[in-house]
Trainee: 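Attaching a single structure in structure tokens format; questions to follow.
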Amino acid sequence: MQKRRIFSIVTLVLIFGAGFNQTMAGAMMSSIRANIKYDYKYWLDGKIILAGKPAIIYDNVVYVPLNDLARTLGYNTAVQGDGATLTSPGTPSLPVPPSGQATDILINRAIISAIDFSSNQITVYPENSPNNLIRLNVTPSTRITYGTNSSNANFVDLAPGMVVRALHSPAVSKSNPPQANATSITILSTPIQPR
């Protein structure tokens, strides 16, 4: 009798649980009707671009393949599992981490534009892209070296205007400027004067 009662309770929990899951899934997702056009024409300055690329049209909005459009417009793209990164021409392409693995991001030549000694942060930008700032958190595990002889350097050795090679975590905040933890900073040259 006791086993039958427990079995009945477990069965009721499973039935109600399945119904609850379906109700929640229905509330979070909805079906849409969209058109896929394979012969859609994209025009830029009077010229057809992205020939043969499909478009999804939904609610009077045209959705196009981001990688193809960005590359056609001259941008570099990198696709990660949870998003895509676009970088301006002249900015080095960001590496794409292998599926399921995070890879540090390299800025081969960056200029230090500001240093905040109180919060252990430096703000840098790629050598030819002064508008692409990123703030790097210098942690106790950040390795700082001189590029000429690979000898160790310290945070206080850094100065605005220096050219550095910066390696940072792919986990980047969505703040302005974005922030990331620096893995390593290599001093390539002494401070340069801004143009």
Side-chain angles (χ1 to χ4, degrees), residues 13-111 113-114 121-137 139 164-184:
V13 168
L14 290 174
I15 290 171
F16 285 120
F20 178 75
N21 285 340
Q22 288 177 349
T23 302
M24 288 305 294
M28 293 186 302
M29 296 188 321
S30 60
S31 295
I32 64 167
R33 184 170 174 89
N35 295 317
I36 298 176
K37 293 203 144 216
Y38 291 96
D39 58 349
Y40 202 78
K41 292 184 173 76
Y42 306 91
W43 296 85
L44 176 66
D45 298 331
K47 296 179 183 175
I48 290 181
I49 60 171
L50 301 178
K53 298 295 178 182
I56 297 175
I57 302 169
Y58 171 70
D59 200 19
N60 290 326
V61 176
V62 177
Y63 296 90
V64 299
L66 178 65
N67 278 348
D68 296 327
L69 180 61
R71 287 187 183 129
T72 298
L73 297 175
Y75 288 88
N76 298 315
T77 62
V79 178
Q80 291 86 17
D82 62 346
T85 301
L86 301 176
T87 53
S88 306
T91 303
S93 284
L94 302 176
V96 178
S99 180
Q101 296 179 3
T103 302
D104 285 344
I105 297 172
L106 173 67
I107 304 173
N108 200 35
R109 291 183 62 84
I111 310 296
S113 65
Q121 293 178 323
I122 64 171
T123 304
V124 301
Y125 60 87
E127 189 172 44
N128 295 317
S129 295
N131 295 325
N132 289 333
L133 296 172
I134 184 167
R135 187 170 293 137
L136 300 176
N137 301 311
T139 67
V164 297
R165 178 179 301 117
L167 192 63
H168 68 80
S169 164
V172 178
S173 74
K174 293 185 179 181
S175 60
N176 189 12
Q179 294 184 36
N181 289 337
T183 306
S184 69

Trainee: I'd like to know whether OH of Y40 has more than 12 heavy-atom contacts from other residues, nucleotides or ligands below 6.0 angstrom.
Mentor: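 No, the 6.0 Å shell around OH holds no more than 12 heavy atoms from other groups.
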Trainee: Distance check, rounded to the nearest 0.5 Å: S173 atom OG versus I134 atom CD1?
Mentor: 7.5 Å
Trainee: Which heavy atom of A182 sits nearest a heavy atom of L136, and at what distance?
Mentor: CB-CB, 4.1 Å
Trainee: So, taking the atom named OH in Y125 and the one named CG in L133, what distance separates them when rounded to the nearest 0.5 Å?
Mentor: 8.5 Å
Trainee: For the CD atom of Q121 and the CG atom of N137, what is their distance to the nearest 0.5 Å?
Mentor: 4.5 Å
Trainee: List the atom of E127, the atom of I111, and the distance in Å for their closest heavy-atom pair.
Mentor: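 Smallest interatomic distance, heavy atoms only, reads CA-CG1, 4.1 Å.
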Trainee: Return the minimal non-hydrogen interatomic distance between A55 and V62, and the atom names on each side.
Mentor: CB-CG1, 3.9 Å
Trainee: Mark yes or no for whether S129, through its side chain, and N131, through its backbone, hold a donor-acceptor pair below 3.5 Å.
Mentor: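 No; judged by distance alone, with no hydrogens or angles, the pair does not exist.
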Trainee: Do T139 and N181 have side-chain atoms, one donor and one acceptor, less than 3.5 Å apart?
Mentor: no
Trainee: How many angstroms lie between CZ in R135 and OG in S113, if you round to the nearest 0.5 Å?
Mentor: 9.0 Å
Trainee: Mind checking whether I48 and W43 have side chains closer than 4.5 Å, heavy atoms only?
Mentor: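 In contact.
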Trainee: Which atom pair, heavy atoms only, marks the closest approach of V124 to A110?
Mentor: CB-CB, 4.0 Å
Trainee: So how far is it from N108 CG to L167 CG, rounded to the nearest 0.5 Å?
Mentor: 10.5 Å
Trainee: If you take all heavy atoms of P170 and D104, which pair is closest and at what distance?
Mentor: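 Scanning both residues, the minimum pair turns out to be CD-OD1, 3.7 Å.
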Trainee: Write down the atom of P54, the atom of Y38, and the distance for their closest heavy-atom approach.
Mentor: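 Residues P54 and Y38, closest heavy atoms: CB-CD2, 3.8 Å.
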